[in-house]
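Below is one structure, written out as structure tokens; the observations come after it.
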Amino acid sequence: MNQEPQPPQSLVDSLARARQVLICTHVEPDGDCIASSVALASALRRAGKEVHQFNPGPFDRSEIQTYRNEFLPSVPAYLRTPVEGRLAVVLDCSQPERIGDLAAEIQALSTIVIDHHPVSQPMGDSTWVVPYAPAAAWLVQIVIEALGNGLTRDEARLLLFGFSTDTGFFRHIHEQQSPSFLGVSRLVAAGASPRDAHAHMYGNKTLESRKLIATLLDRMQSHYGGRLLITWELQSDTLKVGKENRDSDSFYQLASSIADCEALVLIREESPGRCTGSLRSRDSVDVRPVAQKYGGGGHKNASGFLAEIDCMELVGRVVEDFAPAFSEPDNRASG
Ligand SMILES: [Mn+2]
């Protein structure tokens, strides 16, 4: 595989024809969906279109705060009815539940979907899902380029930020994703700087945010001979430092560097009796079944869920949930 994927011509045509575009992205937004949305909005406005951006929030991640005012949490009633030239675009997800109430609000509209999450039944009238794409930002870049007006420097910077978010600044890219570097090369040629993108993502952290990581590491439990590592963040920890001082990626980076770790779990008590779980794995361990058990989902190596369960009870349950994954002896050496 050494060619970049191309979007269906019908999808590019419907974007080119649209006069008014409503871009919707997923709950608990991240750098990939937000940057993809803002870059696409910019390119469409350059092409003379009216663009509205929607995201259900919450905007908890510090690196996307700059963009939160560009998004509305719900679609105003006057935009929900189908009229000639009005088009909804769903980015970085393809299941209605991932965009919350927005799904019902755009239900009557003609909808296109651009995503990199593998799902069996994507929503939308015209759909472009490329599961081997490391980020939606790369697909959005290709769509913007297909529209024929090039990329501005700001759009290139945004897309590199999105790409870097989902790839952990290139750490998660594997050899089957080589064509994505062609896209990155064009972003850099258009004026995006990897050095600045790295500083934007990994710099400017507060001391409190580093201390929170220290707390999580200090609490960490090791199970199944060190193959599963699990830790938790209590609401009192979060209140002490503020949600904006959460830095999951730096935490995963540190914890996953521990020898023998194959799966990593971070449980966060959002409020008493209500927790989110983030699951990460290296290589062969599939964390999706555990996330799905609590109504969540995601990728084989990165999944999440929200559960109405007491924090410490959930920690115990999740450890047991991983028993099937680790029932086989460690066969990485032979595999
Ligand atoms: Mn993504």
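Both counts, for ligands and for their atoms, begin at 1 and track the order of listing.
Computed with the Mn ion (ligand 1) at the centre, the His116 NE2 to Asp32 OD2 angle is 100°, stated to 10 degrees.
Qualifying ring pair (Phe, Tyr, Trp, His ring centres under 6.0 Å) partners for Phe161, counting only residues two or more places apart in sequence or in other chains: His200. With sequence neighbours left out, the ring pair (Phe, Tyr, Trp, His ring centres under 6.0 Å) criterion links His117 to His299.
Between the side chain of Arg46 and the backbone N or O of Gly150 there is at least one donor-acceptor pair closer than 3.5 Å. With Thr127 contributing its side chain and Met123 its backbone, the two residues share a donor-acceptor pair below 3.5 Å.
The nearest N/O/S atom of Asp92 to the Mn ion (ligand 1) is OD1.
Rounded to the nearest 0.5 angstrom, Thr238 OG1 and Asp60 CG are separated by 10.0 Å.
Checking Asp30 against the Mn ion (ligand 1), every N/O/S atom stays at or beyond the 2.8 Å cut-off. None of the N, O or S atoms belonging to His117 lies under 2.8 Å away from the Mn ion (ligand 1). In summary, an N, O or S atom of Asp166 is located under 2.8 Å from the Mn ion (ligand 1).
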